[in-house]
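Report on one structure; see the data block that follows.
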Amino acid sequence: MPKPLLVVEHLSRSFGEVQAVRDVSLTVAPGQIYGLVGPDGAGKTTTLRLICGAFKPDSGSVSIGGFSLDNKPEQAREMIGYLSQQFSLYEDLTVLENIRFLAEIRGLSENEWLPRSRENLAFVGLDVFENRLAGQLSGGMKQKLGLACALVNRPQLLLLDEPTTGVDPVTRQDFWQLVIRLAGEQGMAVLVCTPYMDEASRCSRVGFMREGRIIRDDSPLQL
């Protein structure tokens, strides 16, 4: 097993009296897909937001590629691609304009983002739709655009928060084939939250979450 790219140790976070994440520890190595599995309210999304730096933990630590999120947040975040549960598109912009907007927020020049964007759109199967308004895309195509946006900075760690919720079974299958290729062919480390057991079975390793804790962590075969 290669050295872990993501190391999470004893992560906790409360909101008032609600302890959303309780002493969570996990690792994800390059080429590995780690699935956080559990019902709504288990703490999956909060864990992802702590890992990407959107929330600060009450205790615990996150390290990405050897960079501490506390001490070297910019270096750590540069290694992350993040697709949230409710990906926000600008529906009056085209597919390519949406990617350009996010790329330029990240400080990428046109020489960097344009070839990457076209490469990513081809990868997710949206290259022929680059000039279509995002508001005219189907739900599954919007999720694929979200994935293309998450890949624009060529991340080493991909965080996916229930990326297939609300899309049809064929789109779910297509999306997972893309994720498996990213891990297998490009060696990307992937951490994905999902409520679906069939998706959990596709992961290299699974952590079952309940009431903010990981109650069991192992390979799907062992579980």
Side-chain angles (χ1 to χ4, degrees), residues 4-15 18-30 32-65 67-70 73-89 102 106 142-143 146-153 155-167 172 175-176 178-179 182-183 188-197 199-200 202-217:
L5 181 77
L6 171 66
V7 179
V8 176
E9 296 183 308
H10 306 295
L11 211 57
S12 294
R13 173 66 196 242
S14 295
F15 299 92
V18 177
Q19 193 164 2
V21 176
R22 308 168 185 239
D23 197 33
V24 166
S25 297
L26 60 89
T27 62
V28 188
Q32 187 179 40
I33 303 174
Y34 188 106
L36 272 180
V37 183
D40 289 347
K44 305 186 301 296
T45 295
T46 302
T47 300
L48 247 63
R49 290 178 179 173
L50 289 166
I51 291 170
C52 74
F55 293 154
K56 281 201 169 290
D58 297 331
S59 59
S61 64
V62 176
S63 173
I64 303 167
F67 296 110
S68 165
L69 197 58
D70 269 343
E74 293 306 316
Q75 293 94 323
R77 286 179 184 140
E78 282 176 6
M79 307 185 79
I80 297 174
Y82 178 46
L83 178 56
S84 63
Q85 193 172 4
Q86 297 295 330
F87 176 63
S88 298
L89 292 164
L102 291 171
R106 281 187 171 267
K142 287 178 179 178
Q143 286 301 92
L147 181 59
C149 289
L151 297 175
V152 74
N153 62 316
Q156 295 184 45
L157 171 66
L158 184 61
L159 304 176
L160 303 172
D161 188 7
E162 299 192 12
T164 61
T165 298
V167 299
R172 283 178 62 198
F175 192 94
W176 267 91
L178 294 173
V179 172
L182 287 168
M188 198 173 290
V190 180
L191 176 60
V192 56
C193 296
T194 178
Y196 301 123
M197 293 303 296
E199 294 187 351
R202 298 170 182 257
C203 299
S204 319
R205 195 168 186 85
V206 173
F208 283 111
M209 287 199 78
R210 182 182 178 190
E211 296 178 351
R213 297 184 187 275
I214 293 181
I215 58 174
R216 188 75 187 273
D217 171 302

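Just so you know, these numbers use all the heavy atoms, side chains as well, and skip hydrogens, waters and symmetry mates. Positions are given from 1 along the sequence.
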Kindly check if the number of other-residue, nucleotide or ligand heavy atoms within 6.0 Å of CZ (R210) is above 12? no
Flag, side chain of [X] to backbone of [Y], donor-acceptor distance under 3.5 Å:
X    : Y    : answer
S204 : Y34  : no
D58  : S14  : yes
Q143 : T164 : no
K44  : G38  : yes
K56  : R13  : no
T194 : V37  : no

Can you tell if the side chain of [X] reaches within under 4.5 Å of the side chain of [Y], non-hydrogen atoms only?
X   : Y   : answer
L48 : Y82 : yes
F15 : T46 : yes
L11 : L26 : no

Give me the atom names and distance for the closest heavy-atom approach of [X] to [Y].
X    : Y    : answer
M188 : L157 : CG-N, 4.4 Å
A150 : P155 : O-CG, 3.6 Å
V190 : V28  : O-CG1, 3.7 Å
N153 : G81  : OD1-CA, 4.4 Å
L5   : M79  : CD1-CE, 4.0 Å
L50  : L69  : O-CD2, 3.4 Å

Quick one: do R213 and D23 make a salt bridge, cutoff under 4.0 Å? no
Single hit among I80, T27, V62 for side chain to side chain contact (heavy atoms under 4.5 Å, CB included) with L6: V62
Rounded at 0.5 Å granularity, tell me how far OG1 in T47 sits from CG in L191. 8.5 Å
dist I64:CD1 -> L159:CG (nearest 0.5 Å) comes out at 7.0 Å
Between D217 and R205, does the salt bridge (Lys or Arg N to Asp or Glu O under 4.0 Å) criterion hold? Intermediate values first, please. CA-CA 7 Å; D217 171 302; R205 195 168 186 85; 2.5 Å; yes
